[in-house]
Amino acid sequence: MSPGPVTRWEAGLKVTGQAVFAAETPAPGLLYAVLVEAPVGCGTVLAVDAAQARRTPGFADLISYPEAQGLKPSSVTALIREPTIHFAGQPVALVVAENLAAAQAAARAVRVEAEARPAIAALGQALDQAYTPATAGRNPAESRRGDAARALAEAHLVVRRRYETAVNNHHPMEPHAVVCCWEGDRVTVHTSTQAVFGARAAIAHAFGLPAEDARVVSRFLGGGFGCKGQLWWPWMMQAMLAARRTGRPVRLELTRAQLFTLAGRRSETVQELAVGLDADGRLTAIDHQVLAQTSTHGEYADTTAGVSRWLYACPNVTTRHRLVRTNEPQPIPMRAPGTAPGTFALESALDEAAAALGIDPVDLRVRNHGDHDQEAGRPWSSKRLLECYRVGAERFGWAHRPAAGAAGDGRWRLGSGMASTFYAQHLQPSRARVRLAADASLVVQCGTQDMGNGAYTALGQMAAEALGVPMSRVTVELGDTLLPQGPISAGSQVTVSISPAVAMATAELRAILAQLAVADQASPLAGQRPEDLDFADGLVRSRTGNVAEPLADLLARQAPAGLEAEGSADLPQVQTHSFMSHGAVFVEVGVDPDLGEVRVRRVCAAFAAGRIVNPLLATSQYVGGLIGGIGMALHERTVTDLASGRILGDNFADYLIPVHADMPTFDIALVHEDDTHLPGGIKGVGMLGTAGVQAAIANAIFDAVGRRVRRLPIRIEDILGHPDPRDGFETLT
Amino acid sequence: MSDDGRIALSLTLNGRALDVETPACATLLDLLRDRLGLTGVKKGCDMGACGACTVLMGGRRIKSCLALAAACDGGAITTIEGIGTLDDLHPLQAAFIRHDALQCGYCTPGQILSGIALLAETPKDLAAIREGMSGNLCRCGAYPNIVAAIAEVAGL
Amino acid sequence: MSGPAFSYARPADVAGALAQGARPGAAFLAGGTDLIQLWKAGLAAHAELVDISRLPLAGIDLADGELAIGALARLSDVALHPRVMAEHPLIAQAIAATASGQVRNMATVGGNLLQRTRCAYFRTQGMACNKREPGSGCGAAAGETRQAALFGASAACVATHASDLAVALTALRAELTILGPDGERRIALPDLYRLPGQTPQIDTTLAPGELIAAVQVRRAAGLAARSTYLKVRDRASFEFAVVSVAAALRLEDGAVVEARLAAGGVAPLPWRLAGAEAALIGRAPDARAFAEAAGLAVEGAQPLADNGFKVELLRRAVIRALETVGATA
Ligand SMILES: Cc1cc2nc3c(=O)[nH]c(=O)nc-3n(C[C@H](O)[C@H](O)[C@H](O)COP(=O)(O)OP(=O)(O)OC[C@H]3O[C@@H](n4cnc5c(N)ncnc54)[C@H](O)[C@@H]3O)c2cc1C
Ligand code: SF4
Ligand code: FES
Ligand code: FES
């Protein structure tokens with residue numbers, strides 16, 4: 001194929017400002033919507049008085065509970081149909097007006113009468129009501145293999161610790177938006193969603209429409225990270241109701257503040273972890289108990305303790321997830337759900353164990369390598385974690401790192417730390433369509449989305465490679481329910497899920513083209529065997545002889561109207577293998593022991609995630625994930641004010657995410673991994689980088705200044721003060 | 001100011017003279033993005049804290065979400081639409097593509113405009129670029145590639 | 001959600017601004033970077049914004065041993081002014097550590113000194129806050145107190161002042177020229193601010209309609225070479241200070257003859273560390289002197305539940321800043 005790395009397919013549109021995001025969809029006669037928030041954090045709405053609002057200039061309509069009764073009851077429509085206030089900041093109405101300022105003025109004039117009930121504003125206020133949900137993520141909430149309690153009692157070393165992680169919010173840079181427009185009973189909805197088909201199904205259900213009467217479009221998505229899904233749909237639907245009632249297109253855009261309440265969050269966790277090891281550093285037991293928050297209107301738990309089930313070989317493992325319902329926003333998956341907080345706990349504990357046993361942290365992990373999935377009793381489809389340790393350690397210079405506490409650079413004490421990361425691979429059914437025009441240009445279509453993860457490029461590249469067409473001749477169309485149904489953008493599943501569909505469609509085209517070529521007397525390939533033909537560099541050529549002809553010539557003669565094929569892939573019936581991607585993250589931090597500042601200086605990570613379709617973009621994904629993990633480790637923390645139940649400091653000046661100046665240098669190793677059990681040998685890369693790095697940073701901080709911090713984010717006050725005597729480290733001043 | 005509280009402005013927008021009326025309360029971001037359809041100007045926080053709305057005013061970068069449109073009367077404003085086109089990219093836009101300095105692309109116009117203004121300040125090393133770009137958040141984490149793209153154009 | 005609509009006026013001269021600024025419901029608009037934020041968050045309601053940003057009060061002059069910065073000078077112009085950088089590096093450093101390039105291009109010196117607290121309870125609608133809504137209570141004192149003041153707070157309000165520049169200017173003993181209906185007055189910078197007491201809603205001693213015209217700093221030859229602004233924060237950039245220290249020393253014959261110290265992030269106003277300054281005079285710039293001064297700097301600190309670490313942090317930051325400026329090599 002073309003030399004040099006393939007750059008992002010849609011990059012030109014993005015760097016020139018021509019990529020149109022949902023809120024920017026042009027719509028003549030547009031009305032602007034604003035949400036009216038509940039006056040209390042828990043209770044019932046008694047009345048929404050819009051009399052004054054209706055008199056404000058430019059007012060067009062108001063949607064509240066009565067106006068939403070026509071929608072079918074469901075978990076999606078509950079918040080807009082039922083006047084129960086579950087959390088502070090919950091919208092109780094939507095106002096539309098001629099412009100945004102008019103809508104805001106009208107919204108300010110809405111009077112909401114509500115009956116307040118005592119709220120549970122924090123997990124800690126209702127510990128006695130903790131319960132075990134049916135599932136944690138896609139997995140059972142509880143697990144048990146062997147007898148962890150007994151093995152812990154008999155272990156040579158037990159590390160028993162509590163780990164805590166803060167609430168995080170996704171905060172894609174593009175706030176959720178919708179521009180919707182009805183034509184009779186048909187509706188077109190331009191919205192920021194990671195699931196155009198999911199959104200369409202929800203809309204069709206709620207509005208009682210045949211699915212084909214609703215079109216959902218999401219061509220460009222300004223990030224998602226898990227939050228552009230069903231939690232947004234109620235408010236999107238309120239805007240749709242307003243559009244239908246007014247007969248005009250309506251736009252609603254969430255504010256940054258609303259992304260703290262309406263778009264989901266990563267729950268805080270309190271993790272009680274006990275690991276038992278023998279004198280050789282082999283894990284004999286893990287007991288991992290997780291407490292997390294969920295809302296009073298929904299239920300979601302990350303598989304935080306999954307790390308203890310899957311990451312290492314260990315005969316005795318007990319895990320349990322429990323939830324506490326609070327009057328706070330609803331958690332949903334966020335970047336490396338479960339594995340991010342889970343690896344923080346386990347990988348921190350293993351670092352303590354390594355120190356206690358005098359075993360190198362990498363060596364300790366190698367000794368506990370799991371050569372099959374003990375939890376499911378299945379082999380891994382592929383697993384090159386050991387190679388990740390080796391490559392990562394070598395490129396980081398792990399073996400030659402200075403002794404703990406020994407390295408410095410001016411005011412900084414330097415420390416090194418490492419951790420493993422992993423992410424379970426799942427598949428989704430998918431379809432894709434590939435169209436070859438007479439000039440040998442290619443159109444690839446799939447109703448999946450690109451939220452920055454490179455779906456446009458991956459899809460285009462897979463089709464282009466299969467047909468030997470250069471990327472410059474490829475057009476990719478995504479994010480539209482008029483296209484063949486594609487996967488939702490979640491869980492790093494897109495590329496692997498669409499790969500077989502694209503492969504099927506392109507294989508069909510190749511077969512047709514080969515037949516046409518060998519049967520065409522005007523072609524230099526006439527008389528060749530179809531199976532000997534090959535597609536590359538814009539040519540159809542014979543693999544055996546030296547004959548070839550430009551694809552465009554063949555098409556011009558034989559298929560002047562172009563050719564088209566659709567492919568589809570269903571889920572495998574039986575799962576014989578467990579699919580998991582892995583990585584090893586090595587980190588160097590600088591810690592100012594006097595002022596408590598922590599800066600990550602260097603990250604070297606090796607990842608094994610099947611076949612990498614585009615190394616440039618995969619590296620970007622890994623780096624982006626690692627930066628998200630650095631934010632979780634050092635900065636990000638959403639706080640609920642106990643008195644009001646509101647989010648404290650719901651803006652980017654208070655909720656800190658890493659900035660340019662926080663950036664370390666990154667060295668990413670893509671470890672080659674063949675996987676014959678997954679379509680195309682592909683695994684997801686997106687989630688992998690966001691886990692592991694938190695523990696690596698905490699471990700590096702310990703290495704630098706002898707302080708074990710078991711709570712995220714790690715901030716100045718965690719570095720100052722007196723070391724915990726249990727840390728057994730007092731030598732630095 | 002006219003009777004209905006609208007204010008008449010003269011701007012030079014991407015090199016073209018423009019007369020326009022704006023409500024007193026509208027920000028430059030509202031004017032550009034909603035009224036004038038220059039949707040390359042992004043709204044990420046509307047509070048000055050993310051840099052997505054960065055534009056150049058008289059060659060200097062500002063956050064258009066905190067600038068009242070009325071106060072920009074007479075100003076020369078450049079948005080991403082005035083920087084380069086697909087056929088005629090600004091060197092920094094081309095460098096962004098080469099270095100994969102973007103993922104979702106939502107922060108990208110602001111990063112590029114901020115980067116162009118920073119280049120005029122001739123940053124002396126990578127650390128100066130990182131510090132100078134810290135007003136532009138990128139949640140996808142394209143930071144290192146953004147810095148690499150700017151450094152390349154700066155000849156560092 | 002944003003506050004109510006306002007009208008906009010741009011008076012042609014200072015006299016016009018003073019007249020329009022004195023009208024009820026009027027507020028001055030300089031760079032707008034704080035005012036517009038507050039308005040958007042629904043925390044400021046003004047009938048009229050009087051745009052002063054183009055008034056001829058933006059000059060930066062060094063004459064007669066005094067630096068005079070017009071209140072409407074943009075932060076970036078001040079920080080990049082070659083003579084400010086050379087003769088008052090403390091000012092340039094404090095500004096360089098302020099906000100971001102974009103904000104510094106918009107924000108003015110006067111507006112920076114007058115920015116309102118970053119107390120998250122003040123800045124989030126719907127929370128109790130005596131500064132925003134007198135009598136509603138102090139959400140911060142009852143809630144998370146990480147940001148809260150160590151000095152000068154009251155039961156009614158524990159907020160801190162967030163300006164970096166004000167800390168540097170306080171250390172440099174800056175004065176302000178203030179214009180009002182009754183003419184001109186000149187005050188020391190700290191006198192611009194009020195302690196919260198029972199009326200935290202009033203931040204400053206400015207009368208309605210008064211305008212800050214300029215900031216003056218007497219030329220402090222000898223301090224320039226030994227001055228530093230130390231800003232401690234969780235993120236490497238683009239964050240308000242958790243604690244900051246402005247320090248400057250003048251040494252003669254191996255002894256401190258002049259010391260300037262002020263701290264940020266610890267009080268409702270830029271906090272001059274007068275006791276620590278005095279303790280350094282006549283001393284050799286050594287570790288003992290610095291430790292004693294730092295001890296005095298935190299004397300009287302009244303930490304709350306979550307900000308106790310700031311006492312130790314301030315002490316260490318003072319030592320670090322003094323080490324930086326006191327190095328004899
Ligand atoms: C994202 C972000 C990050 C920031 N980070 C920092 C930081 O790290 N450190 C820091 O110090 N600051 C920081 N700031 C605050 C910023 O420095 C101030 O917002 C800015 O300096 C205010 O100046 P302005 O000219 O924009 O003021 P405006 O917003 O125009 O005015 C502020 C107030 O002062 C009044 N006013 C302005 N000028 C005068 C005058 N001459 N006479 C009388 N009254 C006047 C106005 O009426 C208003 O009440 C940050 C701001 C933002 C948006
Ligand atoms: S500290 Fe002051 S500003 Fe903050 S909530 Fe209390 S009264 Fe309001
Ligand atoms: S939108 Fe202006 S800085 Fe975020
Ligand atoms: S590329 Fe997505 S926020 Fe920067």
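The structure displayed is predicted, hence computed values, not measured ones. Naming convention: chains lettered A, B, ... in sequence-line order (proteins, then strands); numbering from 1 in each chain.
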ask   = Taking all atoms of both residues into account, what is the closest heavy-atom pair of B/T39 and A/E24, and its distance?
value = O-OE2, 3.3 Å

query = What part of A/F666 is in contact with chain B, defined as an atom under 4.5 angstrom from a non-hydrogen atom: side chain, backbone, both or neither?
reply = side chain

task = Measure B/I112 against the heavy atoms of chain A and call it side chain, backbone, both or neither at under 4.5 Å.
result = side chain

query = In terms of heavy-atom pairs under 4.5 Å with chain A, which of B/G105, B/G40, B/A127 leads?
reply = B/G105

ask   = Hey, what do you get for CZ (A/F652) to CZ (B/R139), rounding to the nearest 0.5 Å?
value = 7.0 Å

inquiry  = With a 4.5 angstrom heavy-atom cut-off, is it the side chain or the backbone of B/M47 that approaches chain A, or both, or neither?
reply    = neither

inquiry  = Please determine whether a side-chain nitrogen of the Lys or Arg among B/K42 and A/E253 lies less than 4.0 Å from a carboxylate oxygen of the Asp or Glu.
reply    = no

request  = For chain A, find which of B/S134, B/P144, B/P109, B/C138 contributes the most heavy-atom pairs closer than 4.5 angstrom.
outcome  = B/S134

inquiry  = Before you tell me yes or no, could you show the steps for A/Q621 and B/Q103 under side chain to side chain contact (heavy atoms under 4.5 Å, CB included), namely the whole-Å CA-CA distance, both residues' side-chain angles and the distance that decides it to 0.1 Å?
reply    = CA-CA 8 Å; A/Q621 286 281 104; B/Q103 293 183 32; 3.3 Å; yes

query = Is there a donor-acceptor contact under 3.5 Å linking the side chains of B/N145 and A/S620?
reply = yes

query = Between atom NE2 of A/H660 and atom CG of B/N136, what is the distance when rounded to the nearest 0.5 Å?
reply = 6.0 Å

inquiry  = Is B/R98 close to chain A through its backbone or its side chain, or both, or neither, when contacts mean heavy atoms under 4.5 Å?
reply    = backbone

key: Residue B/L38 versus chain A: region with a heavy atom under 4.5 Å   = neither

key: Contact class of B/C140 relative to chain A, heavy atoms under 4.5 angstrom   = both

inquiry  = Donor-acceptor check, side chain of A/K14 to backbone of B/C104, threshold 3.5 angstrom: yes or no?
reply    = yes

note = Cut-off 4.5 Å, heavy atoms of chain A, and the answer for B/T85 is backbone

request  = Give, as side chain, backbone, both or neither, the part of A/L221 having an atom under 4.5 angstrom from any heavy atom of chain B.
outcome  = backbone

key: Top contributor to chain B interface from A/P175, A/P26, A/A653 [non-hydrogen pairs under 4.5 Å]   = A/P175

task = Ignoring hydrogens and angles, tell me if any N or O in the side chain of A/R8 forms a donor-acceptor pair with the backbone of B/I97 under 3.5 Å.
result = no

key: Interface residue of largest heavy-atom contact number with chain A, from B/I83, B/D100, B/T108, under 4.5 Å   = B/D100

